[in-house]
Structure formats: structure tokens, C-alpha cells
Protein chains: 2
Amino acid sequence: MIQAHAVRLFMERGYDGTTVNDVAEAAGVSPMTVYRHFPTKEDLVLVDQNGPLVAARVSATPAGQPLVRRIGGALVESARALTAGDDRFLLARLRLMISTPALRARHLDNHHVLQQAIVDGLGDEAADPDTAFRAAAAASACLAAMHIALVRWATEDGHGDLPDLISEAFAAAFGDAAPRRR
Amino acid sequence: MIQAHAVRLFMERGYDGTTVNDVAEAAGVSPMTVYRHFPTKEDLVLVDQNGPLVAARVSATPAGQPLVRRIGGALVESARALTAGDDRFLLARLRLMISTPALRARHLDNHHVLQQAIVDGLGDEAADPDTAFRAAAAASACLAAMHIALVRWATEDGHGDLPDLISEAFAAAFGDAAPRRR
DNA sequence: CCCATTATTGATAGTCACTATCAGCCTGGT
DNA sequence: ACCAGGCTGATAGTGACTATCAATAATGGG
């Protein structure tokens, strides 16, 4: 509930034009309570609970294929699941992320966490440091390409199919090793 | 001079354990003067002047090859030039970046600027939105893979050859399309 | 149903990054 | 000598965030 008020206010008055006190007042709680649930102001926008879900999808893919195809395929599937229902909240948060430098930076740093989750999800497949290094390189490259697709999707106001855009970004970056479009 | 004092203090007492006032006092200037030259505390570490250089290298590569090979090759060359002289300052700044969340986030956001510079450097080759989109996807994937190599290089205290590590990361992410090792 | 333990909230007072404003100072050109 | 420009500094803010402690609500056992 606090988050809903926060995103609404950020869209109305801008991120920097809204103080945490404003959010607290709109939500009818004290500023302390806001800080208790969202350690930083950025977290009011950037709560991302589907990291483990992506990692699980990756580790469920067959081991024989190129890493970027496995990881990319999992990301495309996740995007399809995310955009299946109501896009608007996702789109609003994305637009805030892209237009606000502080949010954009923190969002990119979150990729670091997700990338680690993906590598960890590979388990024994990425046991030794060299293999883990290669998996991390593949994962972060995939996430970076996906981010470009997210930005384009948001700047086009959510028209177009997000999974298709992500697939196109993967094709541009990885060529034959990219996940196959269906 | 201010920056030199800042990096020294950050390494001694940690980034969060050092205030901008401490830096100002160590440098013998007023806090206002520090803020005048470095708009944010993060900028005391994250001065990055070789963006246009990378973009120029990319646009100088032959147009027939895959984008990731052209961009990747330019990044490997730039890394070779950067590590040719004295590594220590670069290494110290990298370690600060990796260990401090705020710096890591801002550094990743700087990739966004560099990626845009690379796409712009392609000029007419990335004229229409679709081509620019594909170029951006390739560029950001390359930068993300390079970042993984930078992190590994820093955690290994600068042993190992940075250009080789970057090439290895590219090979892991892009396979055959990666720039050829020399 | 009541009491004790515990989690959640709130108020207060701070620190620190950063900004706006204004005043002094030091330079270079005439 | 004089004046105009930028560089510097002091002061007084705003706002994110933290530490600490009191108060209130929820929970579980008797």
C-alpha cells in the first residue's frame, strides 16, 4: 500500500519532487514506518521479487545448449509471464527507472544480484571459478541486452510485444547462439 | 589533487567512513570547493575520460564484421592501452567501485553513457531506430561482459592480463562472434 | 479470558550529502 | 591604479537516512 502511494506520487510530482515524508503522509503512516519497510527511497520503486523465479527457470533448461540460449530463453519466458496480466504498474515503474538517474543506477546494480542468482542456480555446472566466470559473463550480457529491450518497450509506451523485443535484442547481440524465436 | 586525497582517504577509512568534509580538510580547501569540482561524492572516484576514445576505436573498425566483434575488439584494445602503464591507481579505484554499492551502481550507469557514445560513433550505420536498437543491445552486452572481467581482474589483485580476461568473457558470451584472440 | 512476551509503530534528535545565496579575493587586461 | 571575471568561502538551509527509546498492537500460553 505504501508502495502504491509512492509510485503514484512519483509519477504525479516526479521522483525528486516527492519527499519520503510526502509518501508517508499520503499513506497515513509515519516516515519511520516507511523507512522500516523500504530501507531506501529507491526501494519504493525497485522491489523486485522475481529474481529466484528466473534463476529457477534457468536451472530447469537442458544443459547441452549454449549458456546464452538457456539464460536468454528463461528471461524471455519470464517477461512473457510478467506482461501477461496488467502491464500498467510495470510500465509506470519502468518509466520512473529510466528517467531518474538514481533509480536507473540502482536498477542496473540489481542486475548484479540477479546475475549471481543465475550463476548459483546453475549449481554444479558452474562449480570451478573459470566456469562460474564464463557463466557470469553470459548472464550479465543477457541481462544488459534485455535491459535495452525494456527501455525500448517503455519508450514506446508498452506497445509491441516485450518478449519479442527481448528476443530481437538477443538476436542482435548473440546471433546464432540466441534463443530461437518461436 | 583533491581527487588524490579522496581516493587515499577512501582506501584508508572506507568510502562511507569518509565525509566530504574530511576530504576537503585533507586537501586544504573548503567543502564548497570540493562540491564545485566534483558534483557528487561518487565523482571523486568515478572520473572516466576515455569514453570518446572507445567510441572512436569502434567507428574505426571495418563495417563488415559482427557488431560484437567490432565493439569487443575496441574494448580489448582500450583495456590494453589502459593497463600498459601503472596499474595501481586504476586497480584501487576498481576495488572501491566493486566494494561500495553506491559506486558500483553509478559505474554501471556510466556504461549507459558509453553505450550511447558507441552507438553514436557508428553514425550512419545506426541511423534508423531498429538498427540503433540492435547496436545498443550489442554494445551493452559487450560492456556487461567486460565488467565481469574487470571484477575478476580486481579480485585477483591485478594478476593476469586484463585484455585476455576480457577476451575470455567475450568468448563465453558470444562464442564465434567474439573478437578473435590474438 | 488475561497476562506476558514480542513485533510493530512512533517521536525525537541527530549526521551527512548537497544546494542556494551572498560576500570577499585574486587574477588579467586597460 | 582600476575594473570585470571567475574562483573561493561562510552561512543557512533541505532532505535522506540512522539511533534510540517509549508506546501500542498482536500473539501465544495458562
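First the proteins, then the strands, lettered A, B, ... as listed; each starts at 1.
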Legend entry - Among C:dC18, C:dG10, C:dC16, the one nearest B:T19 by side-chain distance: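 Nearest to the side-chain atoms of B:T19, counting from C-beta on, is C:dC16.
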Inset, instruction - Could you check which of C:dT19, D:dC17, C:dA11 has an atom nearest any side-chain atom of A:S30? - result: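 Nucleotide nearest to A:S30's side chain: C:dA11.
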With a 6.0 Å cut-off (strictly less than), is the heavy-atom count around [atom1] of [X], excluding the residue itself, greater than 12?
X      : atom1 : value
A:D157 : CG    : yes
A:D124 : CG    : no
A:N21  : CG    : yes
B:E25  : CD    : no

[atom1] of [X] versus [atom2] of [N]: gap in Å, rounded?
X      : N      : atom1 : atom2 : result
B:N21  : C:dC18 : CG    : P     : 12 Å
B:D43  : C:dC18 : CG    : C1'   : 12 Å
A:K41  : D:dT18 : NZ    : C1'   : 17 Å
A:Y35  : C:dT12 : OH    : P     : 17 Å
B:M32  : C:dT21 : CE    : P     : 12 Å
A:E42  : D:dG15 : CD    : C1'   : 14 Å
A:R106 : D:dA16 : CZ    : P     : 15 Å

What's touching nucleotides 4-7 of chain D from the protein side, N or O pairs under 3.5 Å?
none

Inset, instruction - Kindly indicate whether the side chain of B:L122, heavy atoms from C-beta on, has any atom under 4.5 Å from the side chain of B:L67. - result: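 Heavy-atom side-chain distance check passes, below 4.5 Å.
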Inset, instruction - For DNA chain D, find the residues of residues 3-18 of chain B with a heavy-atom distance under 4.0 Å and give them by number; none if there aren't any. - result: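 Those residues whose heavy atoms fall under 4.0 Å from DNA chain D, taken from residues 3-18 of chain B, amount to none.
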Legend entry - Check: B:S59 side chain, B:A56 main-chain N or O, donor-acceptor pair, under 3.5 Å: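 Pair found, side chain donor or acceptor close to backbone of B:A56.
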Inset, instruction - Ignoring hydrogens and angles, tell me if any N or O in the side chain of B:T100 forms a donor-acceptor pair with the backbone of B:L96 under 3.5 Å. - result: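 Side chain of B:T100 to backbone of B:L96: a pair is present.
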Legend entry - Basic-acidic side-chain contact under 4.0 Å: A:D130, B:R152: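 Counted as a salt bridge, because a side-chain N and a carboxylate O are separated by less than 4.0 Å.
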Inset, instruction - Look at the aromatic rings of B:H107 and B:H111 and report parallel, tilted or perpendicular, splitting at 30° and 60°. - result: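 Answer is perpendicular, since the angle exceeds 60°.
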